[in-house]
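Here is the structure we will look at, set down as structure tokens.
Just so it is clear, the structure is predicted and the values come from calculations on it, not from any experiment. Each chain gets a letter, A, B and so on, in the order its sequence line appears, and its residues count up from 1.
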There are 2 protein chains.
Amino acid sequence: MLQLTQTPAAEAGACPQACEACSARPFSICHVLPHPDLRRLADGGAVKTFAPHTALVCEGEPAEHVFNITEGVVMLYRLLTDGRRQVLGFLLKGDFLGLTAGAAYDLGVEALTPVRVCRFPRPAFRRLLLETPQLEQELLSRASDELLAARAHLTLLGRKTAIERVCSFLLHLADRQARLGGSAELIELPMTRTDIADYLGLTPETVSRSLSMLKRLKAVLTVGTDAVRLLKREMLEDLAEAA
Amino acid sequence: MLQLTQTPAAEAGACPQACEACSARPFSICHVLPHPDLRRLADGGAVKTFAPHTALVCEGEPAEHVFNITEGVVMLYRLLTDGRRQVLGFLLKGDFLGLTAGAAYDLGVEALTPVRVCRFPRPAFRRLLLETPQLEQELLSRASDELLAARAHLTLLGRKTAIERVCSFLLHLADRQARLGGSAELIELPMTRTDIADYLGLTPETVSRSLSMLKRLKAVLTVGTDAVRLLKREMLEDLAEAA
DNA sequence: CGAACTATTGACTGCCATCAATTAGTGTGG
DNA sequence: CCACACTAATTGATGGCAGTCAATAGTTCG
């Protein structure tokens with residue numbers, strides 16, 4: 001059904017020499033690894049690329065790999081039987097993907113932009129994990145962060161209004177992009193309105209109406225359809241109502 | 001404001017000899033520890049009890065302890081500035097509480113029933129964690145599970161209808177109680193309708209109406225106000241619409 | 001330049017929230 | 001033990017925010 005795009009040249013073992021120069025390294029789990037362990041990790045892995053709208057993994061598939069995003073944006077989602085979709089989050093450069101309790105992926109993962117990842121077979125990663133306490137600590141710390149983010153998202157979905165959700169979303173995205181060295185005012189939106197709606201528990205129409213309202217308030221300015229310029233951060237923060 | 005109840009007899013060090021007989025042990029993180037490490041853990045900790053409606057920790061307080069629930073039910077929640085509340089989850093016997101990214105608790109925790117916990121100072125727990133890989137693995141595994149549960153909850157809040165939310169909630173609770181050795185049909189509800197509503201992103205009225213509808217369908221039978229007898233599990237599963 | 005898709009805007013509907021009244025359950029003191 | 005007060009739960013009436021349905025505008029790409 002969904003095809004996996006990959007550069008044939010980027011097969012196993014391409015990572016070690018490139019790791020030092022990797023732009024995602026400072027934001028990735030591998031930054032905790034000293035050189036020998038880094039080499040071991042790299043040897044087990046492979047660089048893969050995915051075109052936009054292709055699946056990194058499908059819900060229900062056996063969980064054979066873990067991923068480190070080194071470039072691009074991916075979307076995590078879950079489907080209900082009747083087709084309703086909940087988008088669980090977006091991963092950016094440096095984010096890790098692979099914590100899963102069971103043997104099968106419990107979510108779908110799709111590339112929104114051209115994506116580059118370091119991909120590792122789960123058994124090899126598991127072995128390295130057992131022998132590398134720093135890596136395990138880093139993972140535990142990231143799991144903590146993810147849990148924190150999930151709780152903020154739960155609060156958003158359970159208790160916030162449409163406009164509050166959209167403002168929270170824009171600010172959250174702005175902060176993450178700024179932390180990666182991007183602009184804190186020009187927010188890139190590589191996802192569609194439908195993706196945003198499924199992330200915020202709304203419809204695309206309501207997302208669009210909320211953005212239009214923010215434009216009317218001169219709080220933001222849309223730049224094409226896939227970027228937003230933040231004009232009045234404070235107004236957004238007020239409209240987002242608390243963390 | 002909120003008082004902490006504790007048995008004076010149950011101060012530090014009460015745990016080690018009692019650990020072997022602890023009814024929560026098989027469900028707790030400590031079940032992975034061999035005896036010497038168990039003793040070390042126990043020595044650093046203290047048994048505490050909390051009366052219903054008292055706070056184990058308050059949002060914003062410095063995060064000084066981690067907890068293991070050995071008896072009772074506690075509720076996790078987050079508050080918005082204007083008083084809206086999102087209940088994040090309920091912890092039962094054997095559940096661990098303490099994964100937090102920052103220096104302050106990012107959530108409030110309240111006892112719903114008489115609660116007994118093993119409480120450990122965070123620094124001591126952290127030290128033990130660094131020296132006990134099994135414990136760290138167990139925590140990572142639990143963090144994975146929590147993340148999985150959080151994602152299911154996100155899907156519920158973002159995409160399910162009122163009746164679907166209530167059915168999902170009842171089934172989830174039934175399964176957890178059954179796993180702890182309780183009845184799979186008689187579901188205890190130690191929380192109020194308002195607590196349930198704040199967990200499900202609804203109002204107490206809507207929760208009540210949904211339960212009434214399930215009674216009309218003869219899918220459940222309320223037993224007093226704080227228990228529900230499950231009559232037709234399959235009907236609930238259909239109404240809950242997928243996982 | 002036209003086809004196909006996505007986003008926006010508008011009109012209307014419906015589910016759940018809100019407001020309100022009644023009932024049930026719980027604890028207390030006479 | 002029961003009457004009273006208080007709180008929580010249920011049920012009913014109404015309203016509003018966001019969803020649905022529909023039409024238009026804007027983008028992308030062959």
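As a whole-Å value, the separation of Met191(B) CE from dT7(D) P is 22 Å. Going from atom NZ of Lys160(B) over to atom C1' of dC16(C) covers 18 Å, rounded to whole Å. Rounded to a whole Å, the CZ atom of Arg193(A) is 19 Å from the P atom of dT20(D). Atom CZ in Arg159(A) sits roughly 8 Å away from atom P in dT18(C) (whole-Å rounding). The separation between Leu202(A) atom CG and dC15(C) atom C1' is 15 Å, rounded to whole Å. Distance NZ (Lys215(A)) to C1' (dA25(D)): 12 Å, rounded to an integer number of Å. As rounded to whole Å, 15 Å separates atom C1' of dA17(C) from atom CG of Leu200(B). Counting to the nearest Å, the P atom of dT8(C) and the CG atom of Asp226(A) are 11 Å from each other.
Ion pairing between a basic and an acidic side chain is recognised when a charged N comes within 4.0 Å of a carboxylate O; Asp198(B) and Arg159(A) show such pairing. A salt bridge is defined here as a Lys NZ or Arg NE, NH1 or NH2 lying under 4.0 Å from an Asp or Glu carboxylate O, and Asp175(A) with Arg233(A) meets this definition.
Contact annotation: Thr225(A) side-chain N/O to dT6(C) OP1/OP2 distance is not under 4.0 Å. Taking side-chain N and O atoms only, Arg209(B) has no distance below 4.0 Å to OP1 or OP2 of dT11(D). Contact check, Ser212(A) against dT9(C): a side-chain N or O comes under 4.0 Å of OP1 or OP2. Taking 4.0 angstrom as the limit, Thr203(A) places a side-chain polar atom (N or O) nearer than this to OP1 or OP2 of dG19(D).
Between the side chains of Glu241(A) and Thr81(B), at least one donor N or O sits under 3.5 Å from an acceptor N or O. Using modelled atom types, one finds no donor on one side chain facing an acceptor on the other under 3.5 Å when comparing Lys160(A) with Thr155(A). With no hydrogens or angles considered, a side-chain donor-acceptor pair links Ser23(B) and Lys93(B) at under 3.5 Å.
Side-chain atoms of Glu205(A) lie closest to dT9(C) of the nucleotides dA18(D), dT9(C), dT18(C). Here dA9(D) is the nucleotide among dT8(C), dA9(D), dT6(C) with the atom lying nearest to any side-chain atom of Thr192(B). The side chain of Thr161(B) has dC16(C) as its nearest neighbour among dT8(C), dC16(C), dT11(D). Of the candidates dA7(C), dA18(D), dC16(C), dA7(C) carries the atom nearest the Ser208(A) side chain, counting heavy atoms from C-beta on.
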